[in-house]
Amino acid sequence: MDSSTAMSSTNNNQNRWMKPRRKMIYAGIVIGRRRCIRFWLILTMVYLLGLIICARPLSLFFFPLPLPGSLYRSHQIFHNLRLQILSDLHHSSPIQQLSTLWMYKKLKIEKPCKVTYSETRMETSENNGFLIVEANGGLNQQRSSICNAVAVAGFLNATLVIPRLEYHNVWMDPSLFDDIYDEQHFVNTLAGFVRVARELPTTLMEKYDNNINNVPIVQVPAWSSINYYLEEVFPILRNQGNNTNYYDLMSPRLVRIAPFANRLSMYIPPDIQFLRCLANYKALKFASPISTLAKNVIKRLMEKSPRTDGKYVSVHLRFEEDMVAFSCCIYDGGQKERIEMDSVREKGWKGKFRRRGTVINPGLNRISGKCPLTPVEVGMMLRGMGFDNSTLIYLASGKLYQEERQLAPLLEMFPFVYTKESLATQEELAYFKGYSSRLAALDYVVCLLSEVFVTTQGGNFPHFLMGHRRYLYGGHAKTIKPDKQKLALLFHNTSISWQEIKDEVKVMLTESNREGLMMPRIKKSSRHNSVYKYPFPQCRCLQEAQNLTVNLANVSDVLDNHLKHIV
């Protein structure tokens, strides 16, 4: 066999062996591909199954559910529970409720008076100069400025010029001091304690071209201590300081401080604190137009009572348009509400809410308890606490936002709801129209003499009112101060039962009653527990000296015998 024949034979043998091997390789490839396809099909199915299982959490990642309490759903809850609420008849009558819900022992004030009435009177006739202050803010912020000014003037032995009330673009009230308060009563009450002048002497006015606005302003930091006035303000008043930017050595003794709200620390010596109490609870008596109408409104309100006792609950409802806008909370008005509130914010606060870095989070505001309560929320809270539909309610507020729609649920729950507008004639209200402070003063008096006061939002109005009620009623303020953080959570669950709501709000009522008796046990008072909110023990010396304690066993007796001390 030659070499070519041998090579051909070898190739034939290799081909015979290669064909099965190739088939095996091809078969392996086919099997591998099938397995690969099966693997990817299984993987795809697992992936799709995973998507289905994780679909809800993934959607929450991109579209998270609202936090509990962050959405306003109270109107939906009332709609769901309306029939139960309106048909829920309590076993006890409102007369029993008002007399038993507020059972308490007489408040014990352990600290004795550190000063006597005579010790606070002026010992010298020397006058160290004149003090001019500008009281800024709303009615009660201005009130604090006036009381602080009395204390500072007494401390510096200066003559206080009747405070000027600053006009503000939000409150828009151009009233003068004697439009709000009885000026002569103010002067007479402080006589012997603090000198008060209605205006500066002619010689001083001439120096400033008969325009008090030409008097240079002394800037005083907020919450300044009494020592600050001694070390910084008194030398200027006496022309003994080195600061000649305001006055030269031959200038008359005169100091003008503006603004003056919160310009004095709450912690001051007892004899100076006495002057603050004297101003707030005795000297500041409302002017005759306010006091006269307040008396008439209260008497008419009592006559509206479905019972004979005449007791009523006052509610300070802060759901006015400007308050809703300032809170930056969202209710149930949709796009229209958003546009309206943006417009109000821009008009009242000129870009304040559009500044760089400003973050507006309505949901967080609601969770934090910063949103004003709506009428329907107040109504459900009071009905849950045990007040039935025969309870007499006085509503203290300005014009409510979307008033007709918002008030409808409250009126269903409490038909005997009245306001100053419904209890006074147009002629009687003419003096008050367009004057926010005068209207607030009218509400203040009616709320002050109510059996129960309900506050729905923070601010100076309830702050001062709670303190004034504590002062008049022997230390116990019958005030319902709801926990709005808890209410936000409570009114978030649209499937909640009426019994669950009642159980929770009754706990709030108990807590409000306990807090009404509280007196801060601290060595030094602060802005958070001021003498305006907690008058005892610091103002007890005034109360003992003047014997101004009011017993509200009978509201009619209060009107006849004690109203003179308030209005």
Side-chain angles (χ1 to χ4, degrees), residues 59-82 138 168-172 315-381 395-413 419 436 455-459 461-462 482-496:
S59 66
L60 291 179
F61 179 78
F62 294 104
F63 306 101
L65 287 175
L67 294 173
S70 62
L71 294 182
Y72 177 75
R73 293 173 170 172
S74 304
H75 58 302
Q76 299 174 25
I77 293 175
F78 175 73
H79 177 75
N80 295 342
L81 301 176
R82 177 176 172 274
H168 193 277
N169 65 333
V170 174
W171 290 280
M172 295 184 291
V315 179
H316 183 223
L317 189 59
R318 292 306 314 274
F319 202 69
E320 300 97 339
E321 187 179 74
D322 61 331
M323 192 65 208
V324 175
F326 187 80
S327 70
C328 296
C329 297
I330 294 177
Y331 292 92
D332 58 338
Q335 181 71 3
K336 179 183 177 183
E337 177 186 305
R338 186 188 67 79
I339 295 173
E340 288 176 347
M341 293 298 98
D342 285 344
S343 176
V344 174
R345 280 189 284 268
E346 185 61 26
K347 180 181 178 181
W349 292 277
K350 305 296 182 185
K352 171 184 174 72
F353 297 93
R354 295 186 290 102
R355 293 174 185 168
R356 181 178 298 179
T358 300
V359 178
I360 297 176
N361 191 327
L364 183 60
N365 288 348
R366 183 164 178 82
I367 292 173
S368 303
K370 296 178 180 179
C371 294
L373 292 183
T374 60
V376 69
E377 290 174 324
V378 173
M380 287 193 291
M381 179 186 71
L395 209 58
S397 72
K399 181 173 175 54
L400 299 181
Y401 175 59
Q402 296 185 345
E403 185 171 86
E404 185 176 349
R405 182 173 68 89
Q406 294 290 348
L407 273 182
L410 179 64
L411 293 175
E412 278 195 278
M413 290 181 274
T419 64
S436 60
T455 173
T456 64
Q457 184 74 357
F461 186 96
D483 186 331
K484 294 198 294 180
Q485 289 180 296
K486 289 184 179 179
L487 282 181
L489 292 172
L490 196 65
F491 293 149
H492 185 89
N493 179 14
T494 55
S495 61
I496 193 171

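Because the structure is a prediction, the values reported are computed rather than measured.
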Completion exercise
Residues passing the side chain to side chain donor-acceptor pair (under 3.5 Å) test with Gln485, sequence neighbours excluded, are none

Practice task
Report the distance from atom CG of Leu411 to atom CD of Glu404, rounding to the nearest 0.5 Å.
Solution key: 10.0 Å

Practice task
Could you tell me the separation between the NZ atom of Lys350 and the CZ atom of Arg345, rounded to the nearest 0.5 Å?
Solution key: 15.0 Å

Problem - CD1 on Ile77 to CG on Leu490, rounded to 0.5 Å - result: 7.0 Å

Problem - Counterpart residues, side chain to side chain donor-acceptor pair (under 3.5 Å), relative to Lys484 (two or more places apart) - result: Gln457

Completion exercise
What one should report as the nearest heavy-atom pair of Tyr401 and Glu340 is OH-OE1, 2.5 Å

Practice task
Could I get the full list of ring pair (Phe, Tyr, Trp, His ring centres under 6.0 Å) partners for His492, not counting sequence neighbours?
Solution key: none

Practice task
For residues Thr374 and Asp332, determine if any side-chain heavy atom of one lies less than 4.5 Å from a side-chain heavy atom of the other.
Solution key: no

Practice task
Calculate, to the nearest 0.5 Å, the distance between atoms CG and CG belonging to Leu410 and Leu317 respectively.
Solution key: 7.5 Å

Practice task
Output all residues satisfying ring pair (Phe, Tyr, Trp, His ring centres under 6.0 Å) with Tyr72, sequence neighbours left out; order by chain, then residue number.
Solution key: His75, Tyr331

Handout entry: Criterion side chain to side chain contact (heavy atoms under 4.5 Å, CB included) on Lys370 and Cys328, from CA distance to verdict
Key = CA-CA 9 Å; Lys370 296 178 180 179; Cys328 296; over 6 Å; no

Practice task
State, with a plain yes or no, whether a side-chain heavy atom of Met380 is found less than 4.5 Å away from one of Phe491.
Solution key: yes

Exercise for the section: Kindly indicate whether the side chain of Leu373, heavy atoms from C-beta on, has any atom under 4.5 Å from the side chain of Phe319. Expected result: no

Fill in the blank from the handout: Taken to the nearest 0.5 Å, the spacing of Thr419 OG1 from Lys399 NZ works out to 11.0 Å

Completion exercise
Of all heavy-atom pairs linking Leu487 and Pro482, the shortest is CD1-CB, 3.8 Å

Problem - Counterpart residues, side chain to side chain donor-acceptor pair (under 3.5 Å), relative to Arg354 (two or more places apart) - result: Glu346

Problem - Residue pair Ile330 / Arg338, side-chain heavy-atom distance below 4.5 Å - result: no

Fill in the blank from the handout: Thr455 and Pro462 have their tightest heavy-atom pair at OG1-CB, 3.3 Å

Just list the side-chain donor-acceptor pairs under 3.5 Å for residues 357-366, sequence neighbours left out, or say none.
| unit_1 | atom_1 | unit_2 | atom_2 | d |
| --- | --- | --- | --- | --- |
| Thr358 | OG1 | Arg355 | O | 3.1 |
| Asn361 | OD1 | Gly363 | N | 3.3 |
| Asn361 | OD1 | Leu364 | N | 3.0 |
| Asn365 | ND2 | Ser327 | O | 3.1 |
| Arg366 | NE | Leu71 | O | 3.3 |
| Arg366 | NH2 | Glu377 | OE2 | 2.8 |

Handout entry: Spacing of CZ belonging to Arg318 relative to OG belonging to Ser397, to within rounding of 0.5 Å
Key = 9.0 Å

